[in-house]
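Working notes for the structure below.
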Amino acid sequence: MNATKRIVLIGPPGCGKGTQAKRIEDATGMVQLSTGDMLRAAVAAASPIGLKAKAVMEAGQLVSDDIIIGMVAERIKAPDCAKGFILDGFPRSIPQAEALSKMLADNKQPMNGAIEIRVPDQFIVERITGRFTCAKCGAGYHDKFQKPAKDGVCDKCGASDFSRRKDDNEETVRTRLSAYHEVTSPIVGFYDRAGILKVVDGTQGIDDVTKSIMKVLAEL
Ligand code: AP5
Ligand code: MG
(Lines give C-alpha, C1' and ligand atoms only; values in the text may rest on other atoms or scores of the structure.)
(Ligands and ions follow the chains in the order given, each with its own letter.)
Protein backbone atom coordinates (compact mmCIF):
# COMPACT_ATOMS: atom_id res chain seq x y z
CA MET A 1 0.00 0.00 0.00
CA ASN A 2 1.22 3.52 -0.75
CA ALA A 3 2.20 4.68 2.71
CA THR A 4 2.46 8.38 2.05
CA LYS A 5 -1.13 9.00 2.95
CA ARG A 6 -2.39 11.59 5.38
CA ILE A 7 -5.59 10.78 7.21
CA VAL A 8 -7.65 11.99 10.15
CA LEU A 9 -9.46 9.66 12.56
CA ILE A 10 -12.60 11.25 14.01
CA GLY A 11 -14.78 9.96 16.80
CA PRO A 12 -15.80 10.35 20.43
CA PRO A 13 -13.60 9.41 23.39
CA GLY A 14 -13.19 5.64 23.51
CA CYS A 15 -14.29 5.04 19.90
CA GLY A 16 -10.93 3.38 19.20
CA LYS A 17 -8.85 6.16 17.59
CA GLY A 18 -5.68 5.30 19.50
CA THR A 19 -6.16 1.53 19.22
CA GLN A 20 -6.67 1.71 15.46
CA ALA A 21 -4.00 4.39 14.81
CA LYS A 22 -1.35 2.12 16.39
CA ARG A 23 -2.48 -0.79 14.22
CA ILE A 24 -2.41 1.33 11.04
CA GLU A 25 1.07 2.56 12.03
CA ASP A 26 2.31 -1.03 12.48
CA ALA A 27 0.74 -2.15 9.19
CA THR A 28 1.73 0.77 6.95
CA GLY A 29 4.58 2.77 8.50
CA MET A 30 2.40 5.89 8.59
CA VAL A 31 3.06 7.81 11.82
CA GLN A 32 0.44 8.11 14.59
CA LEU A 33 0.08 11.74 15.68
CA SER A 34 -2.01 11.80 18.85
CA THR A 35 -2.51 15.26 20.32
CA GLY A 36 -3.74 13.61 23.56
CA ASP A 37 -0.43 11.69 23.85
CA MET A 38 1.57 14.85 23.04
CA LEU A 39 -0.30 16.76 25.75
CA ARG A 40 0.13 13.96 28.32
CA ALA A 41 3.89 13.98 27.58
CA ALA A 42 3.89 17.77 28.06
CA VAL A 43 2.05 17.42 31.38
CA ALA A 44 4.49 14.71 32.56
CA ALA A 45 7.43 16.96 31.62
CA ALA A 46 5.78 19.99 33.29
CA SER A 47 6.56 22.03 30.14
CA PRO A 48 4.82 25.40 29.63
CA ILE A 49 2.16 23.72 27.43
CA GLY A 50 1.75 20.93 29.99
CA LEU A 51 1.26 23.41 32.82
CA LYS A 52 -1.49 25.18 30.85
CA ALA A 53 -3.19 21.96 29.71
CA LYS A 54 -3.20 19.83 32.88
CA ALA A 55 -6.31 21.10 34.64
CA VAL A 56 -8.25 21.48 31.38
CA MET A 57 -7.58 17.84 30.45
CA GLU A 58 -8.41 16.55 33.92
CA ALA A 59 -11.76 18.35 33.68
CA GLY A 60 -12.44 16.76 30.27
CA GLN A 61 -12.54 20.07 28.46
CA LEU A 62 -10.74 21.04 25.26
CA VAL A 63 -7.34 22.71 25.32
CA SER A 64 -7.31 26.01 23.42
CA ASP A 65 -7.07 25.90 19.64
CA ASP A 66 -3.95 28.10 19.47
CA ILE A 67 -1.91 25.77 21.72
CA ILE A 68 -2.99 22.69 19.81
CA ILE A 69 -2.54 24.17 16.33
CA GLY A 70 0.99 25.37 17.23
CA MET A 71 1.88 21.92 18.56
CA VAL A 72 0.67 20.09 15.43
CA ALA A 73 2.21 22.62 13.02
CA GLU A 74 5.61 21.92 14.63
CA ARG A 75 5.14 18.14 14.72
CA ILE A 76 4.15 17.65 11.08
CA LYS A 77 7.37 19.33 9.95
CA ALA A 78 9.40 16.45 11.44
CA PRO A 79 11.06 14.16 8.86
CA ASP A 80 9.17 11.01 9.96
CA CYS A 81 5.89 12.61 8.83
CA ALA A 82 7.08 12.34 5.21
CA LYS A 83 6.00 8.67 5.49
CA GLY A 84 2.40 9.79 5.86
CA PHE A 85 0.48 10.21 9.09
CA ILE A 86 -2.65 9.34 11.01
CA LEU A 87 -4.04 12.23 13.02
CA ASP A 88 -5.60 10.86 16.21
CA GLY A 89 -7.60 13.40 18.19
CA PHE A 90 -6.89 16.37 15.90
CA PRO A 91 -8.62 18.36 14.53
CA ARG A 92 -11.23 18.67 17.23
CA SER A 93 -12.93 21.94 16.22
CA ILE A 94 -13.69 23.81 13.02
CA PRO A 95 -10.86 26.34 13.60
CA GLN A 96 -8.44 23.40 14.04
CA ALA A 97 -9.74 21.76 10.83
CA GLU A 98 -9.33 25.04 8.93
CA ALA A 99 -5.81 25.53 10.32
CA LEU A 100 -4.87 21.98 9.29
CA SER A 101 -6.14 22.53 5.74
CA LYS A 102 -4.02 25.65 5.51
CA MET A 103 -0.89 23.93 6.92
CA LEU A 104 -1.22 21.10 4.41
CA ALA A 105 -1.97 23.42 1.49
CA ASP A 106 1.13 25.49 2.39
CA ASN A 107 3.19 22.25 2.33
CA LYS A 108 1.44 21.12 -0.89
CA GLN A 109 0.35 17.92 0.90
CA PRO A 110 -3.30 17.03 0.34
CA MET A 111 -5.32 15.29 3.05
CA ASN A 112 -6.31 11.89 1.64
CA GLY A 113 -9.22 11.03 3.89
CA ALA A 114 -11.09 11.59 7.14
CA ILE A 115 -12.42 8.40 8.74
CA GLU A 116 -15.21 8.69 11.27
CA ILE A 117 -15.24 5.74 13.70
CA ARG A 118 -18.90 5.87 14.62
CA VAL A 119 -19.83 4.67 18.12
CA PRO A 120 -23.04 5.71 19.91
CA ASP A 121 -22.74 7.24 23.40
CA GLN A 122 -24.12 4.21 25.24
CA PHE A 123 -20.93 2.22 24.51
CA ILE A 124 -18.52 4.87 25.67
CA VAL A 125 -18.48 4.79 29.48
CA GLU A 126 -17.71 1.06 29.58
CA ARG A 127 -14.95 1.47 26.98
CA ILE A 128 -13.31 4.33 28.86
CA THR A 129 -13.59 3.11 32.44
CA GLY A 130 -12.10 -0.29 31.48
CA ARG A 131 -9.08 1.09 29.63
CA PHE A 132 -5.52 0.63 30.86
CA THR A 133 -2.10 1.00 29.27
CA CYS A 134 1.33 -0.56 29.66
CA ALA A 135 3.40 1.97 31.62
CA LYS A 136 6.56 0.92 29.75
CA CYS A 137 5.61 0.66 26.05
CA GLY A 138 2.18 2.32 25.94
CA ALA A 139 0.30 -0.71 24.55
CA GLY A 140 -3.43 -0.29 25.14
CA TYR A 141 -5.73 -2.78 26.88
CA HIS A 142 -9.24 -3.13 28.25
CA ASP A 143 -10.50 -5.01 31.32
CA LYS A 144 -13.11 -6.81 29.22
CA PHE A 145 -12.50 -6.24 25.51
CA GLN A 146 -8.70 -6.44 25.16
CA LYS A 147 -7.07 -8.32 28.03
CA PRO A 148 -3.37 -9.22 27.95
CA ALA A 149 -2.86 -12.91 27.04
CA LYS A 150 -1.28 -13.44 30.47
CA ASP A 151 -2.91 -11.55 33.33
CA GLY A 152 -0.74 -8.64 34.52
CA VAL A 153 1.90 -9.00 31.77
CA CYS A 154 2.12 -6.76 28.69
CA ASP A 155 1.83 -8.81 25.46
CA LYS A 156 4.18 -6.46 23.64
CA CYS A 157 7.08 -5.86 26.03
CA GLY A 158 6.57 -8.23 28.99
CA ALA A 159 6.40 -5.41 31.56
CA SER A 160 4.03 -5.75 34.50
CA ASP A 161 3.35 -2.07 35.28
CA PHE A 162 0.12 -0.62 33.95
CA SER A 163 -1.47 2.80 34.28
CA ARG A 164 -4.90 4.35 33.95
CA ARG A 165 -5.55 7.87 32.70
CA LYS A 166 -6.66 10.45 35.25
CA ASP A 167 -9.48 11.59 32.94
CA ASP A 168 -10.84 8.04 32.50
CA ASN A 169 -13.68 8.28 34.98
CA GLU A 170 -17.40 8.42 34.36
CA GLU A 171 -17.91 12.08 35.29
CA THR A 172 -15.08 13.36 33.07
CA VAL A 173 -16.15 11.12 30.20
CA ARG A 174 -19.55 12.81 30.19
CA THR A 175 -17.87 16.23 29.85
CA ARG A 176 -15.63 14.86 27.07
CA LEU A 177 -18.67 13.48 25.25
CA SER A 178 -20.44 16.86 25.46
CA ALA A 179 -17.34 18.57 24.09
CA TYR A 180 -17.30 16.02 21.27
CA HIS A 181 -20.92 16.62 20.30
CA GLU A 182 -20.81 20.41 20.64
CA VAL A 183 -17.37 21.36 19.34
CA THR A 184 -15.84 18.40 17.49
CA SER A 185 -18.65 16.65 15.61
CA PRO A 186 -19.12 19.59 13.14
CA ILE A 187 -15.82 18.53 11.57
CA VAL A 188 -17.61 15.44 10.24
CA GLY A 189 -19.68 17.77 8.02
CA PHE A 190 -16.56 19.79 7.20
CA TYR A 191 -14.83 16.71 5.71
CA ASP A 192 -18.04 15.47 4.10
CA ARG A 193 -18.33 18.78 2.24
CA ALA A 194 -14.68 18.41 1.23
CA GLY A 195 -15.61 15.03 -0.31
CA ILE A 196 -13.13 12.97 1.74
CA LEU A 197 -15.29 11.60 4.59
CA LYS A 198 -15.53 7.82 5.13
CA VAL A 199 -17.49 6.19 7.96
CA VAL A 200 -16.74 2.89 9.68
CA ASP A 201 -18.85 1.09 12.26
CA GLY A 202 -16.87 1.34 15.50
CA THR A 203 -19.22 -0.97 17.42
CA GLN A 204 -17.68 -4.02 15.71
CA GLY A 205 -14.95 -5.98 17.48
CA ILE A 206 -11.48 -4.40 17.41
CA ASP A 207 -10.18 -6.68 14.60
CA ASP A 208 -13.22 -6.01 12.42
CA VAL A 209 -12.86 -2.24 12.86
CA THR A 210 -9.23 -2.60 11.72
CA LYS A 211 -10.35 -4.57 8.65
CA SER A 212 -12.93 -1.89 7.78
CA ILE A 213 -10.35 0.88 8.12
CA MET A 214 -7.70 -0.96 6.09
CA LYS A 215 -10.27 -1.47 3.34
CA VAL A 216 -11.08 2.25 3.31
CA LEU A 217 -7.36 3.13 3.33
CA ALA A 218 -6.66 0.89 0.35
CA GLU A 219 -9.29 2.80 -1.62
CA LEU A 220 -8.04 6.30 -0.77
P1 AP5 B 1 -7.35 12.13 23.83
O2 AP5 B 1 -6.22 11.42 24.44
O3 AP5 B 1 -7.40 12.31 22.37
O4 AP5 B 1 -8.70 11.45 24.35
P5 AP5 B 1 -10.13 11.20 23.65
O6 AP5 B 1 -10.45 11.83 22.36
O7 AP5 B 1 -11.07 11.41 24.75
O8 AP5 B 1 -10.00 9.77 23.13
P9 AP5 B 1 -9.52 8.56 23.92
O10 AP5 B 1 -8.03 8.47 23.85
O11 AP5 B 1 -10.15 8.55 25.26
O12 AP5 B 1 -10.21 7.39 23.07
P13 AP5 B 1 -9.72 6.61 21.78
O14 AP5 B 1 -10.69 6.89 20.70
O15 AP5 B 1 -8.27 6.81 21.50
O16 AP5 B 1 -9.99 5.12 22.30
P17 AP5 B 1 -9.01 3.90 22.56
O18 AP5 B 1 -8.50 3.39 21.26
O19 AP5 B 1 -8.02 4.19 23.62
O20 AP5 B 1 -7.49 13.57 24.49
C21 AP5 B 1 -7.41 13.73 25.89
C22 AP5 B 1 -7.62 15.20 26.25
O23 AP5 B 1 -6.57 16.00 25.67
C24 AP5 B 1 -8.92 15.84 25.73
O25 AP5 B 1 -10.01 15.60 26.62
C26 AP5 B 1 -8.52 17.32 25.68
O27 AP5 B 1 -8.52 17.89 26.96
C28 AP5 B 1 -7.08 17.25 25.19
N29 AP5 B 1 -6.96 17.28 23.73
C30 AP5 B 1 -6.42 16.31 22.93
N31 AP5 B 1 -6.46 16.68 21.65
C32 AP5 B 1 -7.04 17.91 21.61
C33 AP5 B 1 -7.39 18.80 20.56
N34 AP5 B 1 -7.13 18.50 19.27
N35 AP5 B 1 -8.00 19.98 20.89
C36 AP5 B 1 -8.26 20.31 22.18
N37 AP5 B 1 -7.95 19.49 23.22
C38 AP5 B 1 -7.35 18.31 22.94
O39 AP5 B 1 -10.08 2.82 23.12
C40 AP5 B 1 -10.68 3.00 24.39
C41 AP5 B 1 -10.80 1.64 25.09
O42 AP5 B 1 -11.75 0.84 24.39
C43 AP5 B 1 -9.50 0.84 25.13
O44 AP5 B 1 -9.40 0.19 26.38
C45 AP5 B 1 -9.65 -0.17 23.99
O46 AP5 B 1 -9.00 -1.39 24.29
C47 AP5 B 1 -11.16 -0.36 23.90
N48 AP5 B 1 -11.64 -0.53 22.52
C49 AP5 B 1 -11.21 0.12 21.41
N50 AP5 B 1 -11.90 -0.28 20.33
C51 AP5 B 1 -12.80 -1.18 20.77
C52 AP5 B 1 -13.81 -1.97 20.12
N53 AP5 B 1 -14.02 -1.89 18.78
N54 AP5 B 1 -14.56 -2.80 20.89
C55 AP5 B 1 -14.35 -2.90 22.24
N56 AP5 B 1 -13.41 -2.20 22.91
C57 AP5 B 1 -12.64 -1.34 22.17
MG1 MG C 1 -6.75 7.95 22.38
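Every number for a ligand or one of its atoms is a count from 1 in the order of the listing. Quantities reported herein were computed from a predicted structural model and do not represent experimental measurements.
- Judged as a side chain to side chain donor-acceptor pair (under 3.5 Å), the pairs with a partner in residues 11-21 (not counting sequence neighbours) are, in order, Q20-T210.
- Geometrically, ligand 1 and Q20 share no nitrogen or oxygen pair separated by less than 3.5 Å.
- Put simply, no part of G140 is less than 4.0 Å from ligand 1, judged by heavy atoms.
- Listed by atom number, the atoms of ligand 1 under 4.0 Å from G18 heavy atoms are 13 (P), 15 (O), 18 (O).
- Residue pairs meeting the side chain to side chain donor-acceptor pair (under 3.5 Å) criterion with at least one partner in residues 178-198, sequence neighbours excluded, are D121-H181.
- Contacts of R176 with ligand 1, taken as heavy-atom pairs under 4.0 Å, involve the side chain alone.
- Using modelled atom types, one finds no donor on one side chain facing an acceptor on the other under 3.5 Å when comparing D167 with T172.
- Protein heavy atom nearest atom 19 (O) of ligand 1, with residue, atom name and distance: R131 NH1, 2.6 Å.
- Close N/O approach between V63 and ligand 1 is found [any backbone or side-chain N/O within under 3.5 Å].
- Remark: ligand 1 atoms within the under-4.0 Å shell around heavy atoms of R40 are 2 (O), 21 (C).
- For ligand 1, one of its N or O atoms has an N or O atom of Y141 under 3.5 Å away.
- Using a 4.0 Å cut-off to heavy atoms of Q204, the atoms of ligand 1 that qualify are 52 (C), 53 (N), 54 (N).
- Not one N or O of D167 is nearer than 3.5 Å to an N or O of ligand 1, by distance alone.
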